[in-house]
Enquirer: 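Please see the structure below; I have some questions.
The structure presented is a predicted model; accordingly, all values stated were derived computationally and were not measured. Indexing begins at 1, ligand by ligand and atom by atom, following the structure's order.
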Amino acid sequence: MKQAIHSGLKNIRAQIAPLTEGLDLDMVEEVRALTHAIDTKLLTRFSPDFPLVAAICGGGSSGKSTLFNSLLKTRVAPSGGKAGLNRRVLFSIPGKGSLREDVIRHLARAFAADPLPLGHQSDLLEPGAPLYIEDHSSGSRPVLMDTPDFDTGSGGRYTNREMAQSALEAADIIIYIFTNSNYNNRDNTDFIARVLTGIGRRHCFLVYRVYPSFTAREVEAHAMTVARGIYGDEAREHVLGIYRVDEQNQVAAGELFMSLRPVRPSDSEFFGAIERLDRLKLRSDQHAAILKDTVTQTRLILDRSSQSLDLLKLHADAVQTVQSLCVQQALQHFPLDHVMRRFAQIWSASDPTAVKIMRRAGSIVEFPLKAILGAAGWARKQLSAAAPPSADENFSRAFDEDLVTAVTELHQQVLGDRLSVRLKPDDPVAERMRQTMARICTTADPPAFCLPSTEQTAGGGAQVFEVPVHPAMRPAQQQLAGRDFGAILKDILSRKEDLLAITGNMETDLQALADDFRDRMGVWDKIGQTFWAFLNVLPTTLAVTYVLSTGDPVGAVGIKVKLAGLFGVKDLYALFAIPATSGMKKADRKQLESMLGPIVQTWLNHKMRVVSDLFSGELTGDLIDRADRLATEVDSRLGELETALGEIGFQPGV
Ligand SMILES: Nc1nc2c(ncn2[C@@H]2O[C@H](COP(=O)(O)OP(=O)(O)OP(=O)(O)O)[C@@H](O)[C@H]2O)c(=O)[nH]1
Ligand SMILES: [Mg+2]
């Protein structure tokens, strides 16, 4: 085998199981079969004179042990009695010395247990490691295997299937023996088909134990039913020979060995046929077939894994998005008094002296703001730190409600089977989700949400994405579910003061904002005066009427300030109700907007971050961290697998 292929296979072997386990992919059997084939069929390099391995298999009491004995002209394998007699595999191992050691080592890989020499016949009646006898005949007979049946059992469980499966997997060719009572048993042929044709199809001899009265035509017809059951349309290419064993009482009595007769004119005498098998050709054909199937199967697992990775990213994206929507919900009400007052203090502290004097005289506030203010003295009052108590109380209550609602919603969503993400169709997150879903839904095995009915359009033109929880994230979910929600809520509410505080960082940003405004205005122009007046009139008129909205606001007397949201959720607006009587001019309104925007944005940037960090810490952080780590790991494994397939350089279907 070429070095590159060998290294590619080793890499596939190393990556495939951790990849699918990490993603909790429902492909356990496929992965097992693949790694088993790589281990036992591809990575094992044996000498060219290594014998073929032929498994005699079939249903219970079909005559497997009798055939094994007949081929070897011995009576070591126990036969007769109840069906399901043999509980373990018996090998005939040819030769002596190094070849025998080679064979044993190779067979051990297939069975995960070293074959032991057969001590007593009755050992075969107990489950355990495979046993072997030595075959000292001359000629190049394959290693023969007498195997346990695969159809006895009760309650839907087959007693010996696992052992029978390992035997079939270890074989290069199969000798399938059947009787008139089980030749059309689909369950049996399905089983063989699954094991035999899963990775690297293998050829077979068919042996029909039949009444002497059956014609050759009948025997061939029944045998072809079996062949089609195993190989489907390719039956003829894979059947090496069809033989009949006529029922004979002397055989049952142990007086005679079975004798096999070719059924079709093209079939040659059985013993000669198995000795003459072109070992090298069979093995190299089989090797190529296994390699091809390995590549196809790896590609399939890789595709399913990358679909699952998309689902994982979609899930993590949905959690982040729901969280950012909940953060907005928690910040729906803005403590405008508080922030504006602080900003006004910062602003006035940096006033030039001349302005300070004039302001005290109350002469710089112009109409219509003068009318709203009522008296110039009002402005001075606003510069004291005390807030009007009623506004603060209102705000505090609204903030509590918002916070509890947001935390409850986030908690419920993150713990559910699916997340409902409600977005406007032109939202960039919606676009991203649509793209990911489209990619997932065009794969061979699309998940349930690809059904058109699950993409709903909700009221207000919003679109609801139903995003399922990724199976690999269940443990993180369960961990969160195990925590006391009341305690989480209490914890979050206890941080309320921190959430509302104007922290050092925000202070710095507000200061920078004030400097920026001043730079743009110049020291002593009319805009500057109006600006200052606005700053002071705003808290009383707008305090708790601020609403954060993702919708396009309608309303004649509102001021709408467009803001940047979190995680790209767009169309975020702060809405301020302006008293209809204020008689504000369009130009004033424009200016008010340009002033409010940056202040609200500064507050929002800080608070979104703080609330978001709090929600991450209490609710979503672990899940998102795990999803991120897994996604990184899976990405790298997928890359390794692509490289490995490139090294093998074998295109499926070629
Ligand atoms: N009459 C007759 N009986 C046979 C013939 N071949 C096998 N038998 C009998 O069929 C029964 C089952 O044979 P076994 O060789 O033990 O069958 P097996 O497939 O190994 O059975 P398990 O190991 O139990 O799965 C025994 O009683 C055999 O003597 C035959 O050619 N003619
Ligand atoms: Mg048997």
Enquirer: For ligand 1, which part of Lys64 has a heavy atom less than 4.0 Å away: the side chain, the backbone, both, or neither?
Expert: both
Enquirer: Strictly below 4.0 Å, N to O, side chains only: are Asp149 and Lys64 in salt-bridge contact?
Expert: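 Salt bridge between Asp149 and Lys64, a charged N being under 4.0 Å from a carboxylate O: no.
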Enquirer: Give yes or no for whether the N/O distance cutoff of 3.5 Å, strictly under, is met between Gly63 and ligand 1.
Expert: yes
Enquirer: Just how far is it from atom CG of Leu71 to atom OG of Ser92, taken to the nearest 0.5 Å?
Expert: 9.0 Å
Enquirer: Find all atoms of ligand 1 within a distance of less than 4.0 Å from any non-hydrogen atom belonging to Ser79, and give their numbers and elements.
Expert: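 Listed by number with element, the hits are 14 (P), 15 (O), 16 (O).
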Enquirer: Decide, yes or no, whether a salt bridge links Arg261 with Asp246 under the criterion of side-chain N to carboxylate O below 4.0 Å.
Expert: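 Salt bridge between Arg261 and Asp246, a charged N being under 4.0 Å from a carboxylate O: yes.
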Enquirer: So, 4.0 Å and heavy atoms of Ser62: is ligand 1 close enough to count as a contact?
Expert: yes
Enquirer: Pull out every atom of ligand 1 sitting under 4.0 Å from any heavy atom of Asp149, numbered as shown with elements.
Expert: 25 (O)
Enquirer: Looking at Gly60, which atoms of ligand 1 are within less than 4.0 Å of one of its heavy atoms?
Expert: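 Per the distance check, 25 (O).
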Enquirer: What I want to find out is whether Asp135 reaches Lys73 closely enough, with some N-O distance under 4.0 Å, to be called a salt bridge.
Expert: no
Enquirer: From atom 22 (P) of ligand 1, work out which of Gly59, Ser65, Ser61 has a heavy atom at the shortest distance.
Expert: Ser61
Enquirer: Find out whether the Lys NZ or Arg CZ of Arg161 is both under 6.0 angstrom from the six-membered ring centre of Phe191 and within 45° of the ring's axis.
Expert: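 So Arg161 does make the cation-pi contact.
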Enquirer: Tell me which protein heavy atom sits closest to atom 27 (O) of ligand 1, plus the residue, atom name and distance to 0.1 Å.
Expert: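 The closest heavy atom on the protein side is Gly80 CA, 3.2 Å.
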Enquirer: Using heavy-atom distances, let me know which of Glu247, Gln250, Met258, Arg209 sits nearest atom 32 (N) of ligand 1.
Expert: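 Of the listed residues, Glu247 has the closest heavy atom.
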Enquirer: Look at Glu247 together with Arg209 and state whether they make a salt bridge at an N to O cut-off of under 4.0 Å.
Expert: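 Salt bridge present between Glu247 and Arg209.
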Enquirer: Is any NZ, NE, NH1 or NH2 atom of the basic residue among Glu234 and Arg201 found under 4.0 Å from an Asp or Glu carboxylate oxygen of the other?
Expert: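 A salt bridge is present here (some side-chain N lies under 4.0 Å from a carboxylate O).
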Enquirer: Going by the order shown, which atoms of ligand 1 are within less than 4.0 Å of some heavy atom of Asn86?
Expert: 23 (O)
Enquirer: Give the atom numbers and elements of ligand 1 that come within less than 4.0 Å of a heavy atom of Val251.
Expert: 5 (C), 6 (N), 30 (C), 31 (O)
Enquirer: Which ligand 1 atoms are under 4.0 Å away from a heavy-atom of Leu85?
Expert: 22 (P), 23 (O), 24 (O)
Enquirer: Any salt bridge between Glu640 and Arg637, counting N to O under 4.0 Å?
Expert: no
Enquirer: Just go through Thr66, Leu256, Val210 and tell me whose heavy atom is the nearest to atom 7 (C) of ligand 1.
Expert: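 It is Thr66 that holds the nearest heavy atom.
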Enquirer: Below 30° counts as parallel, above 60° as perpendicular, anything between as tilted: where do the rings of Phe205 and Tyr243 land?
Expert: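 Answer is tilted, since the angle falls between 30° and 60°.
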Enquirer: Give me the one residue out of Thr40, Leu34, Thr35 that meets side-chain contact (heavy atoms from CB on, under 4.5 Å) with Ile38.
Expert: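 Running side-chain contact (heavy atoms from CB on, under 4.5 Å) over Thr40, Leu34, Thr35 with Ile38 returns exactly one hit, Leu34.
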Enquirer: Just wondering, is there an N, O or S atom on Thr66 that's nearer than 2.8 Å to the Mg ion (ligand 2)?
Expert: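 No, since none of the N, O or S atoms of Thr66 sits under 2.8 Å from the Mg ion (ligand 2).
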Enquirer: Could you find the nearest protein heavy atom to atom 29 (O) of ligand 1 and give me its residue, atom name and distance?
Expert: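 Protein heavy atom at minimum distance: Ala252 CA, 3.4 Å.
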Enquirer: Kindly confirm whether the Mg ion (ligand 2) is within less than 2.8 Å of some N/O/S atom in Ser61?
Expert: no
